[in-house]
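In each ligand, atom 1 is the first atom listed, and ligand 1 is the first ligand listed.
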Amino acid sequence: MSECIFCKIVKRELPGQIVFENDFVMVFKDINPVAPTHLLLIPKKHIKNICDPELLKDNLPSALVEAVQKVANDLGIAESGFRVVVNRGLDAGEAVPHLHFHLISGRKLNWPPG
Ligand code: 5GP
Ligand code: ZN
């Protein structure tokens with residue numbers, strides 16, 4: 001989508017601190033981190049949210065989970081711990097309508113979340 005901020009980061013029309021990308025997925029630093037490590041993992045294709053049926057095409061769920069595994073291994077947090085969060089809808093505080101996995105790490109994370 002032309003006006004979508006995450007699509008613009010994918011197209012390099014907006015700056016992003018990109019830490020990993022391949023043909024299907026991009027990983028970049030969240031602009032407003034809530035922990036020492038706070039990354040956003042997105043499909044490069046504009047998928048609206050986790051309920052978008054388009055997500056189920058092109059093995060995108062696998063590509064996203066593969067990126068979670070790769071980044072967690074590269075950062076050395078696969079064993080020490082991290083959290084993956086997807087916010088959907090008003091009740092969850094979803095703000096950007098392009099699917100993104102938050103990968104949060106680097107401090108003790110409370111449970112249950114607020
Ligand atoms: P949501 O609330 O939709 O799950 O999360 C949206 C996330 O995107 C927030 O954590 C917010 O800080 C981040 N964000 C919003 N705009 C930008 C941006 O332009 N660049 C980056 N890197 N992150 C952004
Ligand atoms: Zn988009």
| said: So, 4.0 Å and heavy atoms of Gln17: is ligand 1 close enough to count as a contact? | reply: no
| Got the closest protein heavy atom to atom 5 (O) of ligand 1, with its distance? | His100 NE2, 3.1 Å
| query | Can we say Asp58 and Lys45 salt-bridge, meaning some charged N sits less than 4.0 Å from an Asp/Glu carboxylate O? | reply | yes
| message | Using heavy-atom distances only, which candidate in Ile104, Ile9, Asn87, Asp30 approaches atom 20 (N) of ligand 1 most closely? | response | Ile9
| Ring centroid separation Phe28 to Phe6 under 6.0 Å | yes
| Vertex the Zn ion (ligand 2), rays to SG in Cys4 and ND1 in His98 - rounded to 10° | 110°
| note | Closest to atom 17 (C) of ligand 1 among protein heavy atoms sits Ile31 CG2, 3.7 Å
| said: Only heavy atoms of Val96, strictly under 4.0 Å: list the atoms of ligand 1 that pass. | reply: 3 (O), 6 (C)
| Any Lys/Arg nitrogen of Lys44 or Glu21 sitting under 4.0 Å from an Asp/Glu carboxylate oxygen of the other? | yes
| Per-atom contacts of ligand 1 with Gly93, taking only distances under 4.0 Å to non-hydrogen atoms | 2 (O)
| query | Does the gap between the ring centers of His98 and His100 come in under 6.0 Å? | reply | no
| Within reach of ligand 1, part of Leu40 (heavy-atom separation under 4.0 Å) | side chain
| To the nearest 10 degrees, how large is the angle at the Zn ion (ligand 2) between Cys7 SG and His46 ND1? | 110°
